Amino acid sequence: MNLPPEYSEAGAGETAAPELMDDGELQSVLRAEFDDARDYHTNQLGNERQKAGDYYLGAKFGNEQEGRSSVVSTEVADTIEYVMPSLMRIFASTDEAVRFMPRGPEDVEAAEQASEYVNWVLNNENAGFTILHNWFKDALLNKMGVVKFWW
């Protein structure tokens with residue numbers, strides 16, 4: 001096995017295996033990565049989401065001056081509301097939101113049954129249209145749409 005030179009402790013032509021992390025080191029690395037992701041989600045995205053929500057609602061900026069115009073554009077809300085019907089038409093206009101494709105002739109029946117079942121669960125056991133609508137709107141407004149599901 002040839003490893004990159006940075007893993008070689010010996011001279012040219014000889015290679016050494018990289019050192020493996022112990023459980024404590026791995027936990028430390030994973031904890032640092034998790035903390036960075038949480039901080040980004042809370043601080044960076046949180047501020048951007050607050051600002052997007054204010055734009056969506058047409059909130060005042062707080063720097064208005066007496067005797068000057070205080071008109072606030074609602075372009076964010078207008079754009080999101082303009083895009084939503086098209087998204088809903090694409091994903092919710094039929095009862096078949098999901099279609100499983102067979103890999104071979106022996107899989108045709110199983111793929112059809114799986115497609116029918118998943119579509120039935122989405123539309124009959126759940127409020128499929130509402131779930132998709134809220135998911136897309138959250139994604140457009142908040143930069144992340146989340147749907148919780150389980151089996």
Side-chain angles (χ1 to χ4, degrees), residues 1-64 72-104 107 110-151:
M1 170 168 83
N2 291 333
L3 296 174
E6 60 266 18
Y7 292 120
S8 178
E9 294 174 0
E14 296 181 34
T15 58
E19 283 190 39
L20 298 177
M21 288 187 209
D22 64 20
D23 288 347
E25 291 173 315
L26 179 59
Q27 286 177 346
S28 176
V29 168
L30 292 176
R31 187 175 297 113
E33 293 296 326
F34 176 78
D35 290 343
D36 288 347
R38 185 187 59 228
D39 291 344
Y40 176 79
H41 184 270
T42 302
N43 297 331
Q44 180 77 20
L45 286 181
N47 295 336
E48 292 175 11
R49 287 177 179 161
Q50 179 66 44
K51 186 183 287 187
D54 290 344
Y55 289 158
Y56 182 84
L57 296 173
K60 300 207 182 275
F61 289 98
N63 61 354
E64 293 77 21
V72 178
S73 174
T74 59
E75 290 176 357
V76 172
D78 296 343
T79 302
I80 289 174
E81 297 306 325
Y82 176 79
V83 170
M84 283 301 297
S86 297
L87 284 173
M88 294 309 296
R89 194 174 308 113
I90 292 168
F91 292 98
S93 64
T94 69
D95 288 336
E96 189 177 73
V98 175
R99 179 184 294 169
F100 289 88
M101 303 302 293
R103 292 189 179 177
D107 298 330
E112 289 174 0
Q113 287 178 358
S115 297
E116 288 176 15
Y117 178 69
V118 169
N119 285 301
W120 185 84
V121 167
L122 177 65
N123 294 311
N124 294 349
E125 287 189 2
N126 297 284
F129 184 89
T130 304
I131 291 169
L132 292 173
H133 178 275
N134 294 343
W135 184 21
F136 297 149
K137 195 162 188 176
D138 285 346
L140 291 170
L141 183 59
N142 297 318
K143 295 186 175 188
M144 181 173 68
V146 177
V147 174
K148 180 180 178 180
F149 71 95
W150 60 93
W151 180 354

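Quick caveat: nothing in here was measured; it's all calculated off a predicted structure.
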Which heavy atom of [X] sits nearest to which heavy atom of [Y], and what is that distance?
{"X": "Tyr55", "Y": "Val76", "answer": "CB-CG2, 3.7 Å"}
{"X": "Asp138", "Y": "Gly145", "answer": "CB-CA, 4.0 Å"}
{"X": "Phe100", "Y": "Ser115", "answer": "N-OG, 2.7 Å"}
{"X": "Asn123", "Y": "Gly128", "answer": "OD1-CA, 4.3 Å"}
{"X": "Ile80", "Y": "Tyr56", "answer": "CD1-CD1, 4.0 Å"}
{"X": "Ala52", "Y": "Leu141", "answer": "CB-O, 3.6 Å"}

_CG (Asp95) with more than 12 external heavy atoms under 6.0 Å_ = no

*asked:* Surrounding CG of Asn47 (heavy atoms of other residues, nucleotides or ligands, distance under 6.0 Å), is the total greater than 12?
replied: yes

Between [atom1] on residue [X] and [atom2] on residue [Y], distance to nearest 0.5 Å:
{"X": "Lys143", "Y": "Arg49", "atom1": "NZ", "atom2": "CZ", "value": "9.0 Å"}
{"X": "Leu122", "Y": "Glu96", "atom1": "CG", "atom2": "CD", "value": "12.0 Å"}
{"X": "Phe129", "Y": "Met88", "atom1": "CZ", "atom2": "CE", "value": "3.5 Å"}
{"X": "Phe34", "Y": "Asp39", "atom1": "CZ", "atom2": "CG", "value": "9.5 Å"}
{"X": "Arg31", "Y": "Arg38", "atom1": "CZ", "atom2": "CZ", "value": "10.5 Å"}
{"X": "Glu112", "Y": "Met101", "atom1": "CD", "atom2": "CE", "value": "10.5 Å"}

*Any side-chain heavy-atom pair of Ile131 and Val147 under 4.5 Å*: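 Yes, close enough: below the 4.5 Å cut-off.
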
*Assess the side chains of Tyr82 and Glu75: does a donor N or O sit below 3.5 Å from an acceptor N or O?*
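The criterion, which ignores hydrogens and geometry beyond distance, is not satisfied for Glu75 and Tyr82.
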
*Take Gln50 and Asp54, measure what side chain to side chain donor-acceptor pair (under 3.5 Å) needs, and give me the verdict at the end.*
CA-CA 6 Å; Gln50 179 66 44; Asp54 290 344; 3.2 Å; yes

_Side-chain donor/acceptor of Glu25 to backbone N/O of Asp22, under 3.5 Å_ = yes

